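We count residues from 1, following the sequence as given. Whatever order the structure lists them in is the order used to number ligands and atoms, beginning at 1. Quick caveat, the model's predicted, so the values are computed rather than measured.
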Amino acid sequence: MPEPPARRRSPRILVVDDNPENRLLMRELLLSRGYEVSCAGSADEAEKFLSNSYPDLVLLDVIMPGKSGYELCRELKENPETRLIPVVMITGLSDREDKVRGIEAGADDFLNKPIFPEELFARVKSLLQLKDFTDELEHAEDVLCTLGLSVEARDPYTEGHCERLAHDASALGHYLGLDEDALVALRRGGFLHDLGKIRVPDEILKKGADLTPDEWKVMKQHPVTGEAICRPLKSLRLVLPIIRHHHEHWNGSGYPDGLRGDSIPLLARILQVVDVYDALRTARPYKPALAHEQSAETMAHEAADGLWDPELVQAFFSMMKERRAA
Ligand SMILES: [Fe+2]
C-alpha cells in the first residue's frame with residue numbers, strides 16, 4: 001500500500017458532544033497529539049461551525065438534546081460539500097441498535113464510551129489517513145477538470161461549453177431518474193469528455209470543418225487519449241465510458257469502436273445528446289448558431305437518420321419543454 005500523502009498542516013477535528021466533561025477530555029487528548037480541535041455542544045452549534053469551515057474529521061455523540069447525532073451525520077453525508085469528511089459516532093458500549101442506526105446514517109466508524117485514549121488515537125489516525133487519500137483524489141480530479149477547461153479555452157468559439165454540458169447532462173440524467181453516482185459522472189463527463197484534445201494540434205482543432213483524412217485520424221483519437229489520461233483514477237470509473245464513447249453513432253457509424261444502439265453506454269449517449277444540441281446552438285467560424293426550434297428539428301432528423309438515440313433525443317426535448325414552460 002502506498003504511503004499517504006504528507007500533510008501540510010495539522011488535521012482539524014470537530015468534537016460534537018453535549019457533555020462538557022467528554023468534550024474537555026477528548027479535546028485534551030487530541031491536543032496532546034498535535035491535532036487542532038474545535039468543540040460544539042449541540043448539532044446546531046456544529047452546523048454553525050461547519051458553515052464557516054470544514055474539519056478533517058468529526059467526532060459525534062449520538063444522543064444530544066435537539067437534533068441527534070444521527071440526524072447531523074445524515075445531513076453531513078447527504079451534502080456533497082461535506083460527505084467526504086469522516087464521521088466517528090460515539091455510542092454506549094453495548095448499543096448494537098445505535099450502531100445499526102449510525103451505519104444507516106452514513107457513519108464511518110464508532111467509538112465506545114467510556115473513551116480509551118489509545119482507541120481514540122487509533123480510530124482518528126486511520127480515518128485521517130483515508131481522508132488524505134480522498135483529498136488527493138479530489139485534487140487530482142480538479143486538476144483534470146481544469147485541464148479539460150484549458151482545452152476548451154484553446155477554441156474561443158466553445159466558451160462555456162463544458163459548464164453547460166456538465167449542467168445539462170446531469171439535468172437530463174436526473175430527468176431520467178438516474179442515481180447520484182451517475183449524475184456525478186455526467187457532471188464530470190461535461191468537463192472531461194474532450195480532454196484528449198489536449199493532444200490534437202491547434203491547426204487541426206481550430207479548423208473545425210473540412211479536415212483532411214489524415215487530420216481526421218488525429219482528431220478521432222481524442223476519446224481514446226482522454227480515456228487513457230483518466231484511467232488511473234478509480235474515482236473516474238463511471239466517467240471513462242462517457243469519454244471513450246461520446247462520438248459513437250446509434251447506427252454504428254461513429255468512433256472509436258463503431259458501437260451501435262444500446263451497446264453504446266447510456267451515460268455516453270446522454271452526454272452526446274446535450275453535446276450535439278450545444279454545438280448546434282453555438283456559432284462557429286464555419287456555421288451560424290441555430291435557434292432552439294431549428295436545433296430540435298435538426299436533431300430529430302439526425303436521430304431518424306440513425307445518428308442519435310431517438311428516445312433520448314425525445315426525452316431531452318421534453319425536459320427542455322418543461323424547463324422553458326416553468
Ligand atoms: Fe469530443
Side-chain angles (χ1 to χ4, degrees), residues 141 144-170 172-173 185-231 236 238-260 263-287 289-290 295 298-299 302-303 306-309 312-313 316:
E141 283 178 26
L144 286 178
C145 286
T146 309
L147 271 180
L149 284 172
S150 79
V151 170
E152 174 188 286
R154 285 166 67 197
D155 181 353
Y157 288 91
T158 58
E159 199 190 342
H161 178 66
C162 288
E163 291 275 359
R164 288 194 299 273
L165 245 60
H167 177 268
D168 289 353
S170 56
L172 181 54
L186 285 168
R187 267 195 290 276
R188 288 181 180 149
F191 291 97
L192 295 172
H193 68 291
D194 272 346
L195 184 63
K197 283 186 179 170
I198 211 154
R199 285 185 59 189
V200 177
D202 263 358
E203 57 272 22
I204 299 180
L205 196 64
K206 287 183 179 163
K207 206 170 165 187
D210 301 325
L211 298 181
T212 67
D214 278 347
E215 288 170 336
W216 256 119
K217 230 192 237 171
V218 175
M219 187 59 133
K220 283 182 171 179
Q221 273 303 308
H222 80 267
V224 179
T225 309
E227 187 200 26
I229 294 172
C230 294
R231 194 181 298 126
L236 293 178
L238 291 178
V239 190
L240 297 185
I242 300 179
I243 299 172
R244 185 172 182 104
H245 298 297
H246 72 278
H247 285 292
E248 304 286 358
H249 288 164
W250 188 246
N251 61 11
S253 65
Y255 63 90
D257 298 314
L259 299 184
R260 104 186 19 238
S263 59
I264 305 166
L266 175 64
L267 298 186
R269 279 181 274 144
I270 290 176
L271 188 99
Q272 178 179 66
V273 166
V274 299
D275 191 15
V276 171
Y277 175 77
D278 197 73
L280 289 172
R281 296 279 282 131
T282 318
R284 301 282 159 92
Y286 48 90
K287 71 159 198 70
L290 294 188
S295 305
T298 304
M299 284 182 71
E302 289 177 348
L307 290 188
W308 326 125
D309 177 340
L312 269 187
V313 169
F316 177 64

Query - Test applied, side chain to side chain donor-acceptor pair (under 3.5 Å); reference residue, H247; option that passes from H222, Q272, K220 - result: H222
Query raised in the report: In a check of side chain to side chain donor-acceptor pair (under 3.5 Å) between H161 and each of D278, T282, D194, which one passes?
Result: D278
Query raised in the report: What residue among I242, L240, I243 forms side chain to side chain contact (heavy atoms under 4.5 Å, CB included) with L192?
Result: I243
Requested in this report: Please name the pair of heavy atoms, one in L165 and one in G190, separated by the smallest distance, quoted to 0.1 Å.
Outcome: CB-CA, 4.0 Å
Query raised in the report: Are side-chain heavy atoms of L266 and I270 found at a separation under 4.5 Å?
Result: yes
Query raised in the report: Under 2.8 Å from the Fe ion (ligand 1), which protein atoms of type N, O or S occur, listed by chain and number?
Result: D194 OD1, H222 NE2, H246 NE2, H247 NE2
Query raised in the report: How are the rings of H249 and W308 set to each other: parallel, tilted or perpendicular (split at 30° and 60°)?
Result: perpendicular
